[in-house]
> 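Can you read through this structure? Questions will come right after.
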Amino acid sequence: MGIYVNPGNENFKSAVRSEIYVDKMGLLEYTNSVIGTEQRCICVSRPRRFGKSMAADMLTA
């Protein structure tokens, strides 16, 4: 099994920088593709309690 880390944890930041981090939503790849373009806003629309805050924390880390 893998290692579970909390978003506020230093281990989360090191996991994001590593090559083994898996972003199943594709949010990191999409955000990196629109940085520096005319598109200024990204809407992350997900149902209630489906990780919108976690996605925002992942992007800030």
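Hydrogens, waters and symmetry mates are skipped; everything else that's a heavy atom, side chains included, is used. Owing to the predicted nature of the structure, the values given are computational and were not obtained by experimental measurement.
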> Which pairs would a plain distance check flag for residues 27-36, meaning a side-chain donor or acceptor within less than 3.5 Å of a matching protein atom at least two apart in sequence or in another chain?
| unit_1 | atom_1 | unit_2 | atom_2 | d |
| --- | --- | --- | --- | --- |
| Tyr30 | OH | Gln39 | OE1 | 3.4 |
| Tyr30 | OH | Gln39 | NE2 | 2.8 |
| Thr31 | OG1 | Leu27 | O | 2.7 |
| Asn32 | ND2 | Leu28 | O | 3.2 |
| Ser33 | OG | Tyr30 | O | 2.6 |

> What is the minimum heavy-atom distance between Arg46 and Phe50, and which atoms define it?
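Smallest heavy-atom distance, with atoms named: NE-O, 2.9 Å.
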> Does any N or O in the side chain of Lys52 come within less than 3.5 Å of the main-chain N or O of Ser45, such that one atom is a donor and the other an acceptor?
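Not at all, since once roles are kept as given, no pair shorter than 3.5 Å links the two residues.
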